[in-house]
Amino acid sequence: MREPLSKTYAPREFEERIYSSWCEGGYFAPSGDRRAPAYTIVIPPPNITGQLHMGHALDNTLQDILIRYKRMQGYDTLWVPGTDHASIATEAKIVEAMRKEGLTKEAVGREEFLRRAWAWKDKYAGRIVEQLKKMGASCDWSRERFTLDEGCSRAVREVFVRLYDKGLIYRGERIINWCPKCLTSLSDAEVEYQDQAGHFWHIRYPLTDGSGSIELATTRPETLLGDTAVAVNPGDERYRHLVGKTLRLPLVGREIPVIADEYVEADFGTGAVKITPAHDPNDFEVGQRHGLPIENVMTPDAKITDDYPAYAGMDRYAARKAIVADLEAGGYLARVENYTHSVGTCYRCGTTVEPRVSLQWFVKMAPLAAPAIEAVRGGEVRFVPERFEKNYLRWMENIRDWCISRQLWWGHRIPAFYCDECGKTVITKDDAALCPACGKPMRQDPDTLDTWFSSALWPFSTLGWPDDTDDLRRYYPTSSLVTGYDIITFWVSRMIFSGLAYTGKAPFDTVVIHGLVRDAQGRKMSKSLGNGIDPLEIIDKYGADALRFALASGNSPGNDMRFSDEKIEAARNFANKLWNAARFALLYLPEDDDTPPALPDAARLAPEDKWLLAHYRRTVAAVRDNLDRYEIGIALSEIYDFVWDIFCDWYVELSKSRLADAGSDGAAVARATLTWVLTGILKLLHPYMPFITEEIYQSLPHDAPSIMIARYPAPQDVEDFGTEATDFDRVIRAIGAVRARRAEMNVPPSRRANVYLKTAYPASFAGAEPFFVKLAGAASLSIVDAYDAKDAVSIITDAATLYIPLSDMVDPAKERARLEGELKKVREGIARTEAKLSNEGFVSKAPAAVVEAERERLAKMKATEAGLVASIETIAQA
RNA sequence: GGAGGCAUAGCUCAGUCGGUAGAGCACUCGCUUCACAUGCGAGGGGUCACAGGUUCGAGUCCUGUUGUCUCCACCA
């Protein structure tokens, strides 16, 4: 059944309709064909914090291109969609929303808070799904998942219990990164370091024996309250005699020891370091080594505790100011330097992290990291581009234990149960109601897990793990994972070690990395800059296909890209071009013709048909080759060039004369070739621009119910015509040369010229007259053995010399000068090539094919030279 | 402090196996050519950041320099 194609390209009129037709057709689900190999992608689940941005648009466009390409190749494809609960980010949003209502988490309580969170999830997950559909994403929606749904939660508990039983999960009092705004711990990966201008305060700590003082330097004087020692390097002569003595902590009066530890570098600062085990990770370790007390001086929201009445309730920065003032007043402050140093901040809210000692759950990483390193080293998992392997390996090799507990409510609650009666701890997949030891009711750990703990299981939890499901057996391990380089550490690395640890297999074979989408000025898109571009607005204005085209074109793996109005307009223009090419083809197709296009026998094809088909064959091969290597941008530019330059600018024009002769065999052949190649173009392009290609496909006679499930073109679909096909290039070049000359000589298009053509390849030009008439402003074309060029303009190409009577053109003197200029250029080329060929090193060492190509080039240039010389001679005689 | 990316036309970027540098946009000239002015035809525009090296031959491979961006790292 053919549908009419509207006159203008208006994507809004058909994109939604087409998406619904795909849903109704059930094309998004895997084919289930067991003879075909499976190809699986799991979506990097977008956070339910808000709506999709350009980065998501890029990520999902690339995934959809791959999955559609594989689907059309006959793979049993599955793209699993879903969303991430994003515990810390979502919780922050909900807390913020409640704050506007004058509410707090604590005020509403855990149950009500979670009710609100689920309502939030329903709203935003739904919105995200709608956006993905608008973009054309061919996900299997029947398999949509959520990191906090029942199945994923079961997987999380399973993993937690297994790791605990193996001794790979432990609970301990450690110093961790703490966000005083989000009021939770953070993993090392969740801290971003930024250089900040600050000060270096030099402070004197007096010795308790009154024999003087030690001067030390700090960037954080407020932590002085928690100092429990001062450390020096054991080899530092300046301080050796002081080790073992004690100091009087300024403002506090506490007596603290001077200790020696290798951690201290003698030549940095004053060579003496104040040790605050509760508020600095290094100091914590020093403290552990020396058995120092841990003196916590701050509340969770980074205010000084009531233990220090002079500063109690002040936040850390106010306290810093007050303490510096007091130090100065007390004569302890030696001097202040300006100092820029690196400060850790929360990756979600940007607040400066406060290291804090607290009781948290950790994953012991070393045993898990080892196989994950091996999987990448050994090639079981491959990164595209390869360089990101290094990134991954470096991180994995230096990994430290992973702090997985969060003081948040929105997330997977830690399956640890405590008996307050007898102190027993139970880790269980099932909720433990009563203590197995004393029978008393148990209390579940109030904390939740790091959101990345559940994302790490995504490639298999979404397929049914821990159960041995059909999906898991069929579609796991998955094939390609497409994601940005910014979450390799957060997510990719954790999926790899998780997959290996729990399923025994790496979760995917290829990690396809893309860059960031930046604005037209190259800046990162961000809320604070307000330079974000909403994909939905672009779709509304230009269509989803144009958006997808703009994101895919020029995209090279791992590199950032810029998004600009120019780019999206170019994309829309291309869509419009394709649309109109289709309208042209339809002009010649009888409305009742429902026969799917087939290529006529080679014997019936005209030279220009073979020429087109040869280019098509080459293009198909190049597109497939590049797609197979994830060179999505290069593959697209191959299609673009073929569609615009070869198909539209040349072939459509070349076909017009035959098509006009309605009823002739030539018209039938041209029509069939045109339609067949157009259909091939639509299929080639479908993964990139699914809507427009389907809309046009449905307007043409077609065999598959949807282009989505049509077979992807292969080079062998068309015969290799060999040199026969390139013979037509001679005509193309001759036409181009005539056009160029006319433009150069400012000949008005209305001025038609009789063209005489002398050639060593008369067969190539046999039926060429209509093309010269149509495309080169010719009145006629005569093939001649000789032509008296005295009063003619000559146009020389390597295959022919064309003459146009001067009366049909203009100015002989100008013409002669031009010919001489051209002769000079050709002679330069000849000299260069001859030099190359007379270079023995080149002839003997370069590959034979390269040498041969040079010889051919030389022969062509010599032919051109001879033609030019002859023309200059004749014009000189005139 | 380590590691990596990038540097090519006015702008944004491609450039696969080392073989006379490409696209889009912008610019100039000419086009109411019956698919498309979201278009057609023709042009101008490049010391491929710099300096060495390898090679018959380098935008491409190697070394160094400069600029720029990013990642990692506990320097108080």
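Owing to the predicted nature of the structure, the values given are computational and were not obtained by experimental measurement.
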Inset, instruction - Specify the separation, in whole Å, of atom CD of A/Glu854 and atom P of B/C56. - result: 17 Å
Inset, instruction - Using a cut-off of strictly less than 4.0 Å, decide whether A/Lys656 has a side-chain nitrogen or oxygen near OP1 or OP2 of B/U33. - result: no
Legend entry - Face-on cation placement of A/Arg494 at A/Trp402 ring, 6.0 Å and 45° thresholds: yes
Legend entry - salt bridge (charged side-chain N to carboxylate O under 4.0 Å, His left out) evaluation trace for A/Glu397 with A/Lys390: CA-CA 10 Å; A/Glu397 281 160 1; A/Lys390 276 189 208 151; over 6 Å; no
Legend entry - Donor on one side chain, acceptor on other, A/His290 and A/Asp261, under 3.5 Å: yes
Legend entry - Rounded distance (Å) that lies between atom P of B/G1 and atom CG of A/Asn398: 19 Å
Legend entry - Any side-chain donor near an acceptor of the partner, A/Glu192 and A/Tyr347, under 3.5 Å: no
Inset, instruction - Establish, with yes or no, whether the OP1 or OP2 oxygen of B/A14 is under 4.0 angstrom from a side-chain nitrogen or oxygen of A/Ser556. - result: yes
Legend entry - Polar side-chain contact A/Arg562-B/U12 base: donor and acceptor under 3.5 Å: no
Legend entry - A/Tyr588, nearest nucleotide to its side chain (from B/U38, B/G41, B/A35): B/A35
Legend entry - A/Asn573 vs B/G39: side-chain N/O to OP1/OP2 distance below 4.0 Å: yes
Legend entry - Neighbours of RNA chain B within residues 839-851 of chain A, by heavy-atom distance under 4.0 Å: A/Asn839, A/Gly841, A/Phe842, A/Lys845, A/Ala846, A/Pro847, A/Val850
Legend entry - Each stem that RNA chain B is part of, given as range with range (3 or more consecutive Watson-Crick or G-U pairs, under 3.5 Å): B:1-7 with B:66-72, B:10-13 with B:22-25, B:27-31 with B:39-43, B:49-53 with B:61-65
Inset, instruction - Take atom CG of A/Leu586 and atom P of B/C36, then tell me their distance rounded to the nearest Å. - result: 13 Å
Inset, instruction - Find the distance A/Tyr9:OH to B/A37:P and express it as a whole number of Å. - result: 16 Å
Inset, instruction - Considering just the side-chain nitrogens and oxygens of A/Trp644, establish if one lies under 4.0 Å of OP1 or OP2 belonging to B/C40. - result: yes
Legend entry - Nearest-angstrom distance from the residue atom CG of A/Asp565 to C1' of B/U38: 14 Å
Legend entry - Euclidean distance for P, B/G22 against B/G46 (whole angstrom): 14 Å
Inset, instruction - May I have the step-by-step check of side chain to side chain donor-acceptor pair (under 3.5 Å) for A/Tyr239 and A/Asn233, ending in yes or no? - result: CA-CA 8 Å; A/Tyr239 299 114; A/Asn233 188 284; over 6 Å; no
Legend entry - Protein-nucleotide distance (A/Glu337, atom CD; B/A76, atom C1'), rounded to Å: 12 Å
Legend entry - Pair A/Glu337, A/His202: side-chain N/O donor-acceptor within cut-off below 3.5 Å: yes
Inset, instruction - Check the side chains of A/Tyr205 and A/Asp227 for a donor-acceptor pair under 3.5 angstrom, ignoring hydrogens and angles. - result: yes
Legend entry - Nucleotide B/C13, atom P - distance to CD1 of A/Ile634 in whole Å: 16 Å
Inset, instruction - Compare side-chain N and O positions of A/Lys390 against OP1 and OP2 of B/C71 and report whether any pair is under 4.0 Å apart. - result: no
Inset, instruction - Report yes if at least one side-chain N or O of A/Asn576 is closer than 4.0 Å to OP1 or OP2 of B/A35; otherwise report no. - result: no
Inset, instruction - Mind checking A/Arg832 for me? I need base, sugar-phosphate or nothing, with any heavy atom below 4.0 Å counting as a touch. - result: base
Inset, instruction - Measure from the side chain of A/Arg400, starting at C-beta and using heavy atoms only, and say which of B/A76, B/C74, B/G41 lies closest. - result: B/C74
Inset, instruction - Ignoring backbone atoms, test whether A/Tyr339 places a side-chain nitrogen or oxygen under 4.0 Å from the OP1 or OP2 oxygen of B/A76. - result: yes
Inset, instruction - Name the orientation of the base relative to the sugar in B/C72: syn if the glycosidic angle is within 90° of 0, else anti. - result: anti
Legend entry - Atom-to-atom span, OH of A/Tyr640 to C1' of B/A14 - whole angstrom: 13 Å
Inset, instruction - Ignoring backbone atoms, test whether A/Arg857 places a side-chain nitrogen or oxygen under 4.0 Å from the OP1 or OP2 oxygen of B/U20. - result: yes
Legend entry - Whole-Å P distance, B/C36 and B/G45: 34 Å
Inset, instruction - Apply salt bridge (charged side-chain N to carboxylate O under 4.0 Å, His left out) to the pair A/Asp519 and A/Lys524, showing each step before the final yes or no. - result: CA-CA 6 Å; A/Asp519 73 1; A/Lys524 214 164 159 172; over 6 Å; no
Inset, instruction - Establish, from distance only, whether the side-chain atoms of A/Lys274 and A/Thr276 form a donor-acceptor pair under 3.5 Å. - result: yes
Legend entry - Closest listed nucleotide, where the reference is the side chain of A/Pro749 and the choices are B/G30, B/U20, B/A76: B/G30
Inset, instruction - Give the intermediate values and the outcome of side chain to side chain donor-acceptor pair (under 3.5 Å) for residues A/Asn338 and A/His199. - result: CA-CA 4 Å; A/Asn338 284 329; A/His199 301 281; 3.1 Å; yes
